[in-house]
Each structure stands twice: as structure tokens, then as C-alpha cells.
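For reference, the structure is listed below as C-alpha cells.
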Amino acid sequence: ISDALSSAIRAVCLRAFKLTGCKGWGRLDLILDKQDRIWILELNTIPGMTETSLVPKAAKAEGVEFDQLVYEIVWLSVSQ
């Protein structure tokens, strides 16, 4: 996807997370339609953290290793 669409997805997800009163971390599942409109399917406040879970996979795709991900989750949890 384009950088612009990626930025739009991030903005929509962050807005949904804040509007629902969530804090710390979570995972939003979404789809894009043929017009690249963003549709949120689910907001998961307790996503999985196993080797096959989506959060660690997404973090790794962004260059964040598992240990650093756990550290950041804990830091977010205690700092809010």
C-alpha cells in the first residue's frame, strides 16, 4: 500500500483506539474495500502475544523485536 494510505490507516486506528477510551496497547483488525476505504472490524484490547500472533508479527515487520515489544507494552501500561 502507499505511504499515504498507511498513514491514513494509522490515523484511523489511533482515533478509534482513543475514542473508545482504550489506553496502553491493543490491536485493530480492519479491511480495505476496492476504493481503499478503511473499515474497522474489531478492536482487541488483549491481543495474543505468541509466536503466531499478529501483534509480534506486525512489530517485527516494523523492525521491533519481541523483547523490545514487551518492554514497550509494559512501559505504556505503567506510564498511563
Side-chain angles (χ1 to χ4, degrees):
I1 62 174
S2 70
D3 288 344
L5 182 54
S6 179
S7 292
I9 290 170
R10 288 174 192 259
V12 165
C13 290
L14 184 58
R15 185 165 186 234
F17 198 74
K18 288 181 177 180
L19 283 172
T20 54
C22 293
K23 294 182 181 179
W25 71 293
R27 186 193 77 231
L28 277 91
D29 297 340
L30 56 91
I31 58 171
L32 300 173
D33 65 18
K34 291 181 181 181
Q35 291 77 37
D36 284 340
R37 289 180 296 198
I38 303 161
W39 297 91
I40 295 174
L41 302 175
E42 171 186 27
L43 192 158
N44 190 334
T45 58
I46 310 173
M49 287 293 291
T50 67
E51 292 178 3
T52 59
S53 299
L54 296 176
V55 171
K57 285 182 178 181
K60 189 167 184 88
E62 291 292 318
V64 178
E65 294 298 325
F66 187 79
D67 291 349
Q68 181 65 28
L69 174 63
V70 171
Y71 173 84
E72 291 183 26
I73 290 169
V74 171
W75 185 85
L76 280 171
S77 297
V78 298
S79 68
Q80 293 190 4

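Computed from a predicted structure; not experimentally measured.
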Check your understanding: Roughly how far, to the nearest 0.5 Å, is CG of Asp29 from CG of Asn44?
Key -> 7.0 Å

Exercise for review: Count the heavy atoms of every other residue, nucleotide or ligand shown that sit under 6.0 Å from CG of Asp33, and state whether that count exceeds 12.
Suggested key: yes

Check your understanding: Is there a chain of hydrophobic side chains (I, L, V, M, F, W, Y, each step under 4.5 Å between heavy atoms) that links Met49 to Val64?
Key -> yes

Review point. What closest approach, in Å, do Ile40 and Ala16 show between heavy atoms, and which atom pair accounts for it?
Key: CD1-CB, 3.5 Å

Review point. Are Ile1 and Trp39 grouped together when hydrophobic residues (ILVMFWY) are joined by side-chain heavy atoms under 4.5 angstrom apart?
Key: no

Check your understanding: Which distance, rounded to the nearest 0.5 Å, do you find between the CD1 of Ile73 and the CD of Gln68?
Key -> 10.5 Å

Check your understanding: Taking Ser53 for the side chain and Pro56 for the main chain, is one N or O donor matched with an acceptor at less than 3.5 Å?
Key -> no

Practice item. Verify the neighbour count for atom CD1 of Ile46: are there more than 12 heavy atoms of other residues, nucleotides or ligands below 6.0 Å? Key: no

Exercise for review: Only pairs at least two apart or in different chains count here, so list each salt bridge (charged side-chain N to carboxylate O under 4.0 Å, His left out) that has a residue in residues 57-66.
Suggested key: Arg10-Glu62, Lys60-Glu65

Review point. Between atom OG1 of Thr20 and atom CG of Leu43, what is the distance when rounded to the nearest 0.5 Å?
Key: 4.5 Å

Practice item. Say whether Ile38 and Phe17 are linked into one hydrophobic cluster, either directly or through other cluster members, by side-chain heavy-atom distances under 4.5 angstrom. Key: yes

Review point. Are Leu32 and Leu5 side-chain neighbours, meaning at least one heavy-atom pair lies under 4.5 Å?
Key: yes

Check your understanding: Is there a chain of hydrophobic side chains (I, L, V, M, F, W, Y, each step under 4.5 Å between heavy atoms) that links Leu14 to Leu28?
Key -> no

Check your understanding: What's the shortest heavy-atom distance between Leu76 and Gly24, and which atoms?
Key -> CD1-O, 3.5 Å

